[in-house]
Structure formats: structure tokens, C-alpha cells
**Student:** 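First the structure, then my questions, so here it is.
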Amino acid sequence: MRWKVHSEESIFSDPWLEIRLAEVEITRGRRLQHRVIRSRGASAGAVVVDAERQVLLEWRHRFITDAWGYEIPIGGVEEGETPAEAAAREVEEETGWRPGAMRPFTVVHPTPGISDSCHNIFWADGATRIGEPADDWESERIEWVPLADIHGLVEAGKIVSGTSMAALLLAAR
């Protein structure tokens with residue numbers, strides 16, 4: 001059944017996100033209050049795969065969950081940018097590799113039960129090394145990882161980001 005939204009009001013707002021309180025109607029006319037995180041713009045990332053079927057990944061720590069894991073490069077779409085341009089920029093800034101042409105791959109809504117966050121994921125065939133990452137704080141290291149290893153890395157808890165996991169499992173199929 002589809003929930004009916006009766007109202008939604010802002011609880012907190014900043015340039016990155018807005019937290020709202022929604023009053024929704026669920027089954028049999030029951031109502032409840034539900035917190036909603038509204039994003040301030042789209043995100044874009046990329047699965048970059050070379051000729052040897054290796055994928056370009058970042059090994060990074062996420063302080064919020066205190067977890068280490070492999071992730072694809074991803075970030076916000078800036079004003080005046082298309083999602084494909086943003087994905088290419090993020091790859092370059094975060095890894096020091098310039099990806100090949102971007103083509104749409106998948107769209108991920110990582111937490112649709114609480115957030116409207118939408119991640120546009122692109123596929124790039126190969127990349128050219130241009131230097132060190134501009135954003136040296138993004139990751140501990142950059143690696144080309146065989147797509148054949150993705151399932152094992154997920155099972156070992158070394159890929160924990162929902163967006164990265166979804167995109168990489170799709171890529172590895």
C-alpha cells in the first residue's frame with residue numbers, strides 16, 4: 001500500500017541536507033510521524049574497469065560507522081555539471097586517474113526508508129593515470145581490484161558501502 005503524506009516540516013537545514021518531520025497515513029487510517037532526510041542535490045560516481053577486468057577502487061575509513069572498506073569514487077554534482085561530468089571529476093579528484101567515456105550504468109537509492117538520496121552510477125572503460133589524487137584525504141590507497149574478487153570482498157566485509165556494493169555486484173555479474 002502507498003503511504004499518504006499529510007504534512008512535512010523542516011526540523012534542520014544546512015547547505016548539504018534537510019531533516020524533515022512528515023506526518024504520514026499508513027494502513028487503516030493510522031498516522032505516524034516519520035523523519036525524512038532530503039538531499040541538496042544529486043550524487044554521481046563511477047565503476048571504472050580496465051581491459052584486464054579490474055575495477056578502480058578506494059580503500060577508505062568512514063568515521064561515522066568506524067569501518068574500513070573498498071568504495072567506488074562518488075560525490076556531489078556541482079552546479080552546471082551533468083551527473084556524467086561529476087562522476088568523471090570525482091574519479092579524477094579522488095584517485096588521480098582520468099576515466100574513459102562515461103555511460104549510464106545504474107541508479108542507487110541507498111536508504112529509501114529515510115532519505116531521498118539518489119546516486120547516479122556510470123561505467124567507464126579504462127582510465128589514464130594523471131598523477132596523485134587532488135583529494136588526498138579521501139582514501140588510504142587506490143587499487144585496481146579484479147572484478148572476480150568482488151563477491152569474496154563483500155562476503156569478507158571489505159565492501160560495506162551500500163552504493164559501492166550494489167554497483168560492484170552488478171558489475172561483477
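No experiment lies behind these values; they were computed from the predicted model shown.
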**Student:** State whether the side chain of H119 and the backbone N or O of S164 hold a donor-acceptor pair below 3.5 Å, judged by distance alone.
**Tutor:** no
**Student:** Could you report the tightest heavy-atom contact between A87 and F122, atom names first, then the distance?
**Tutor:** CB-CD1, 3.8 Å
**Student:** How many angstroms lie between atom CG of D135 and atom CD of E93, to the nearest 0.5 angstrom?
**Tutor:** 5.0 Å
**Student:** Taking the side chain as C-beta and beyond, is there a heavy-atom pair between E58 and I72 under 4.5 Å?
**Tutor:** no
**Student:** My understanding is that only residues two or more places apart in sequence, or in another chain, count here; which of them pass side chain to side chain donor-acceptor pair (under 3.5 Å) with R30?
**Tutor:** T27
**Student:** Any chain of hydrophobic side-chain contacts (each under 4.5 Å) joining I19 to W16?
**Tutor:** no
**Student:** Given side chains that start at C-beta, do those of L169 and H151 come closer than 4.5 Å, heavy atoms only?
**Tutor:** yes
**Student:** Is the CZ atom of R173 crowded by more than 12 outside heavy atoms at less than 6.0 Å?
**Tutor:** no
**Student:** For residues V160 and A67, report the shortest heavy-atom separation together with the two atoms involved.
**Tutor:** CG2-CB, 4.3 Å
**Student:** Going by the rule side chain to side chain donor-acceptor pair (under 3.5 Å), which residues pair with T65 if we only count those two or more places apart in sequence or in a different chain?
**Tutor:** none
**Student:** Quick one: pull up CD in E90 and CD in E138 and give me the separation to the nearest 0.5 Å.
**Tutor:** 7.0 Å
**Student:** So does I114 get a backbone contact from the side chain of T111, meaning a donor-acceptor N/O pair under 3.5 Å?
**Tutor:** no
**Student:** Looking at every heavy atom in both M102 and A124, which two are closest together, and how far apart are they?
**Tutor:** SD-CB, 4.1 Å
**Student:** Hey, what do you get for CD (E18) to CD (E8), rounding to the nearest 0.5 Å?
**Tutor:** 8.0 Å
**Student:** Any link between V55 and L153 through a network of hydrophobic side chains (Ile, Leu, Val, Met, Phe, Trp, Tyr) touching at under 4.5 Å?
**Tutor:** yes
**Student:** Just how far is it from atom CG of L57 to atom CD of E71, taken to the nearest 0.5 Å?
**Tutor:** 9.5 Å
**Student:** Does R141 use its side chain to pair, donor to acceptor, with the backbone of W59 at less than 3.5 Å?
**Tutor:** no
**Student:** Would you say CZ of R20 has more than 12 non-hydrogen atoms from neighbouring residues, nucleotides or ligands within 6.0 angstrom?
**Tutor:** yes
**Student:** Per the side-chain hydrogen bond (donor to acceptor under 3.5 Å, both in side chains) rule, which among H6, K4, R2 passes with E25?
**Tutor:** H6
**Student:** Using a strict cut-off of less than 4.0 Å between a Lys/Arg side-chain nitrogen and an Asp/Glu carboxylate oxygen, indicate whether D14 and R40 qualify as a salt bridge.
**Tutor:** no
**Student:** Tell me the closest heavy-atom pair linking R89 and G76, and the distance in Å.
**Tutor:** NH2-O, 2.8 Å
**Student:** Count I, L, V, M, F, W, Y as connected when their side-chain heavy atoms are under 4.5 Å apart, and connections chain through other members. Are I150 and F105 then in the same cluster?
**Tutor:** yes
**Student:** Does the side chain of E52 reach to within under 4.5 Å of the side chain of W144, using non-hydrogen atoms?
**Tutor:** no
**Student:** Quick check on the hydrophobic clustering: are V108 and V49 connected, directly or via other members, by side-chain heavy-atom contacts under 4.5 Å?
**Tutor:** yes
**Student:** So, does N120 use its side chain to make a donor-acceptor pair with the main chain of S43 at under 3.5 Å?
**Tutor:** yes
**Student:** Please answer: with hydrophobic residues joined when any side-chain heavy atoms are less than 4.5 Å apart, are L56 and L168 in the same cluster?
**Tutor:** no
**Student:** Quick check for you: to the nearest 0.5 Å, what is the distance between W97 atom CH2 and I142 atom CD1?
**Tutor:** 10.5 Å
**Student:** If you take all heavy atoms of E85 and E81, which pair is closest and at what distance?
**Tutor:** OE1-CA, 3.4 Å
**Student:** With rounding to the nearest 0.5 angstrom, report the CH2 to NE2 distance, W3 to H34.
**Tutor:** 5.5 Å
**Student:** Could you go step by step and tell me if I74 and I121 meet the side chain to side chain contact (heavy atoms under 4.5 Å, CB included) rule?
**Tutor:** CA-CA 8 Å; I74 189 170; I121 307 302; 3.9 Å; yes
**Student:** Contact between V36 and D116 at the side-chain level, heavy atoms closer than 4.5 Å - yes or no?
**Tutor:** no
**Student:** Without hydrogens or angle criteria, can the side chains of R38 and S10 be said to hold a donor-acceptor pair below 3.5 Å?
**Tutor:** no
**Student:** Measure across S117 and P110 and return the closest heavy-atom pair with its distance rounded to 0.1 Å.
**Tutor:** O-CD, 3.5 Å
